[in-house]
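The structure appears right after this line, and notes come after that.
Every heavy atom of this structure was used, including side-chain atoms; hydrogens, water molecules and symmetry mates were not. Naming convention: chains lettered A, B, ... in sequence-line order (proteins, then strands); numbering from 1 in each chain.
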Amino acid sequence: GENVEQHPSTLSVQEGDSAVIKCTYSDSASNYFPWYKQELGKRPQLIIDIRSNVGEKKDQRIAVTLNKTAKHFSLHITETQPEDSAVYFCAAPAGDDKIIFGKGTRLHILP
Amino acid sequence: NAGVMQNPRHLVRRRGQEARLRCSPMKGHSHVYWYRQLPEEGLKFMVYLQKENIIDESGMPKERFSAEFPKEGPSILRIQQVVRGDSAAYFCASSPRTVHTGELFFGEGSRLTVL
């Protein structure tokens, strides 16, 4: 069935360093790949997304890259700050009518 | 434009009781999705609805769980005869378009605790 795998499950980086989270998907028809951030006790919120007609998208300190051939996409956060500490979820459409999420990456920014 | 509204935010039920969770999508959004999140875990798809129609309920247990999105009023996720394993956060999300074209807007979630 459709699946989205996300790695790592936990990531600790020093403040100011970069963080990279990777996801793979199984549905080759998927054409939209969002990333959501969820702070403790809060709702998930979209931080960046990419469509299959581009390979990379950047928004200030965050960027997403997509490799459709390999069916994987990655989130890159540069110059990490304490407020980047959260759980990050990748997602991809599965079939025509639902979007499924990876299991999440808990990012810790160390002082 | 108010965001996705969910209520109750917290619900406590004893085993065997019913839980009813409500979700009002953002204005103009006709697509509603329900997800379940267990502590320290990801968002598991349950059901996708449009007005008066269940489009995909492949992630929802066939017994005890049901969902609706009537022509008027909020979407409702209903869990009958709750068990301890139903304790989780239930998030509703809405979208003006299909999942291939845009963002899901999430509510703050309803946290169900089954005693």
Side-chain angles (χ1 to χ4, degrees), chain A residues 1-10 21 23-53 57 59 64 66 68 86-108, chain B residues 2-7 9-10 21 23-26 29-50 53-60 67 69 88-111 113:
Chain A
E2 304 105 349
N3 195 30
V4 175
E5 298 278 346
Q6 182 171 348
H7 300 279
S9 57
T10 305
I21 303 170
C23 284
T24 60
Y25 60 97
S26 58
D27 187 351
S28 55
S30 296
N31 57 5
Y32 172 68
F33 305 93
W35 285 89
Y36 286 80
K37 176 183 180 182
Q38 186 179 29
E39 296 178 358
L40 188 62
K42 301 285 184 66
R43 61 192 165 116
Q45 290 188 285
L46 181 76
I47 55 171
I48 195 167
D49 55 16
I50 191 168
R51 300 189 188 280
S52 58
N53 57 344
K57 182 178 177 181
D59 181 4
V64 56
L66 171 64
K68 279 222 76 176
V87 179
Y88 293 81
F89 294 98
C90 62
D96 291 334
D97 53 30
K98 62 179 178 276
I99 191 163
I100 58 175
F101 287 78
K103 292 194 172 181
T105 297
R106 187 171 298 277
L107 176 63
H108 301 275
Chain B
V4 177
M5 303 299 292
Q6 287 189 249
N7 68 84
R9 293 290 309 279
H10 300 273
L21 311 177
C23 169
S24 295
M26 286 182 70
H29 289 194
S30 58
H31 303 255
V32 167
Y33 306 81
W34 285 92
Y35 289 84
R36 178 162 66 177
Q37 186 173 40
L38 293 169
E40 306 295 315
E41 292 195 12
L43 296 156
K44 184 174 181 299
F45 169 80
M46 297 183 73
V47 61
Y48 161 47
L49 310 103
Q50 293 182 25
N53 287 301
I54 297 174
I55 308 301
D56 186 330
E57 56 183 349
S58 59
M60 197 161 64
F69 188 16
Y90 292 85
F91 285 94
C92 168
S94 73
S95 172
R97 297 175 289 274
T98 68
V99 292
H100 289 274
T101 55
E103 177 181 356
L104 291 182
F105 294 83
F106 282 86
E108 294 288 353
S110 291
R111 282 156 181 79
T113 301

Seminar exercise, completed: Applying side-chain hydrogen bond (donor to acceptor under 3.5 Å, both in side chains) to B:S110 and not counting sequence neighbours gives none
Problem set entry | Region of A:Q6 in contact with chain B, defined by heavy-atom distances below 4.5 Å | neither
Problem set entry | Contacting moiety of B:E41, where chain A heavy atoms sit under 4.5 Å | backbone
For this session: Considering non-hydrogen atoms only, spot the tightest contact between B:S58 and A:K98 and give its length.
Result: OG-NZ, 3.5 Å
For this session: Report the residue from B:Y35, B:F45, B:Y48 that forms a side-chain contact (heavy atoms from CB on, under 4.5 Å) with A:I99.
Result: B:Y35
For this session: Would you mind checking which part of A:P44 comes under 4.5 Å of any heavy atom in chain B, side chain (CB onward), backbone (N, CA, C, O), both or neither?
Result: both
Exercise. Who are the side-chain contact (heavy atoms from CB on, under 4.5 Å) partners of A:A92, not counting sequence neighbours?
Worked result: A:V4, A:Y25, A:S30, A:F33
Exercise. At their closest point, which heavy atom of A:Q38 faces which heavy atom of B:F91, and how far apart are they?
Worked result: NE2-CZ, 3.5 Å
Exercise. Which bit of B:Q37 comes within less than 4.5 Å of chain A, counting heavy atoms only: side chain, backbone, both or neither?
Worked result: side chain
Problem set entry | Candidate pair A:Q45 and B:F106, rule side-chain contact (heavy atoms from CB on, under 4.5 Å), full reasoning | CA-CA 7 Å; A:Q45 290 188 285; B:F106 282 86; over 6 Å; no
Exercise. Hey, what do you get for NZ (A:K103) to NZ (B:K44), rounding to the nearest 0.5 Å?
Worked result: 10.5 Å
Exercise. Just wondering, do A:Y36 and B:L43 contact through their side chains at under 4.5 Å, heavy atoms?
Worked result: no
